[in-house]
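Notes to accompany the following structure.
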Number of protein chains: 2
Amino acid sequence: MAEALHPSQMRTYFALTEAASLLQYAVQQQLQAEGGLSYVQFEILAKLVDAGRPLTMTELADGVVYSRSGLTHQAGVLQADGLIARAPSTADQRATVVTITKAGRRRLEKVLPGHIDVVRGLLFETLSAQDVRTLGNLMTRVRDHMREQPPRSAAPRKSRGSAH
Amino acid sequence: MAEALHPSQMRTYFALTEAASLLQYAVQQQLQAEGGLSYVQFEILAKLVDAGRPLTMTELADGVVYSRSGLTHQAGVLQADGLIARAPSTADQRATVVTITKAGRRRLEKVLPGHIDVVRGLLFETLSAQDVRTLGNLMTRVRDHMREQPPRSAAPRKSRGSAH
DNA sequence: TATTGTTATACTCTATAACTATA
DNA sequence: TATAGTTATAGAGTATAACAATA
């Protein structure tokens, strides 16, 4: 089990990893500087606008965050800032329905141009239209495969804190 | 300034972003579960082994972390765990020289096979050898371009905390 | 019983600023 | 004066577990 990666795999892995890290960092800096938003907060607002309708906490959590309490926390921050509103659902009394406010839309609009500038300047500047399609095809395939994978969280019962 | 992205660019951006996020999360889980290491800690150990010689804190910080104090903190954790050792440099009295210990090497070796399994299973499973080369070429180009970019931290003098 | 969501809590990571010491 | 590194500190993000309410 677990032979070493092929050199071309290593090269690809490192390039992908570093590029993604640089891009993520730049995007986070831009969102914070121009809108006081963390990336997760930006994702929440974007998801609400994209959906075009209010979403429940569970719907929002999907793909954005790995724990429900994490989302509750972020929703609390966004609500305190007046960017979203939460109300009990009428359909299911257990559920909370999240709506984006006008201020939330404005904040998203304020931040979006800079966001696009960063992505274009870092990611797309050196890619031809054909490159973009090729990369899109490859990464879509990879992403779809990743989504299917079981989270492998059948982790060997190992130490929790600092293993030694 | 800042027109919308082309649909194929959006598709590529989202696929890349989500795939990188899923991969990063899976890798972090694996490193934590099997070795009690954060990704940054893993990078530090890997960098020391890769260099094949002791490195100064400044050398270590490059590319791994965005603030020196952050590295000091992580080095403290690794040292407390016995995975690295720090000693004053003889060449430059200001500098600290970091060495990986035997325990550090063992920890890295313990974690590496699982790391490779995750990367292979998630990233390379669906890619042909040709796909890997193509993706590597594209991402290497993108990464090199990103490295050259000024960090754009000439951020518009905006609010710091929660902008409103 | 299972699900939705919140709370309390604790831990990790990161960054800024002030500081020490060497160059 | 500039650089290497640490310290103190504070803030943000995230997760687990316990809980309340509803299905």
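Order of the sequence lines fixes the chain letters, A, B, ..., with proteins taken first and strands second; residue numbering starts at 1 for each chain.
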Inset, instruction - Measure across M139(A) and A19(B) and return the closest heavy-atom pair with its distance rounded to 0.1 Å. - result: CE-CB, 3.6 Å
Inset, instruction - Kindly state whether the ring of H115(A) and the ring of Y39(A) have centres lying under 6.0 angstrom apart. - result: no
Inset, instruction - Give me the residues of residues 55-62 of chain A where at least one heavy atom lies under 4.0 Å from an atom of DNA chain D, by number, or none. - result: none
Legend entry - Which residues share a side-chain hydrogen bond (donor to acceptor under 3.5 Å, both in side chains) with R86(B), sequence neighbours left out: Q79(B)
Inset, instruction - Select base, sugar-phosphate, or nothing to describe what S38(A) touches, counting heavy atoms under 4.0 Å on all strands. - result: sugar-phosphate
Inset, instruction - Taking Watson-Crick and G-U wobble pairs with both distances under 3.5 Å, convert DNA chain D into its dot-bracket string, 5' to 3', dots for unpaired and | for cross-strand pairs. - result: |||||||||||||||||||||||
Inset, instruction - Begin from the C-alpha positions of T134(B) and Q130(B) and carry the test side-chain hydrogen bond (donor to acceptor under 3.5 Å, both in side chains) through to its verdict. - result: CA-CA 6 Å; T134(B) 302; Q130(B) 179 57 52; 3.2 Å; yes
Legend entry - Contact nearer the 5' end of DNA chain C, comparing T96(A) with H73(B): T96(A)
All N/O contacts under 3.5 Å from nucleotides 16-20 of chain D to the protein, with atom names and distances to one decimal?
residue : atom : partner : partner atom : Å
dT16(D) : O4   : S69(A)  : OG           : 2.4

Inset, instruction - Determine the sole option in T99(A), L48(A), L60(A), V77(A) for which the side-chain contact (heavy atoms from CB on, under 4.5 Å) test with I84(A) is passed. - result: L48(A)
Sub-3.5 Å pairs of nitrogen or oxygen atoms, protein against nucleotides 20-23 of chain C:
residue : atom : partner : partner atom : Å
dA23(C) : OP1  : Q93(B)  : N            : 3.0
dA23(C) : O4'  : R94(B)  : NE           : 3.4

Inset, instruction - Tell me, please, which residues at least two apart from R94(B) pass side-chain hydrogen bond (donor to acceptor under 3.5 Å, both in side chains). - result: D92(B)
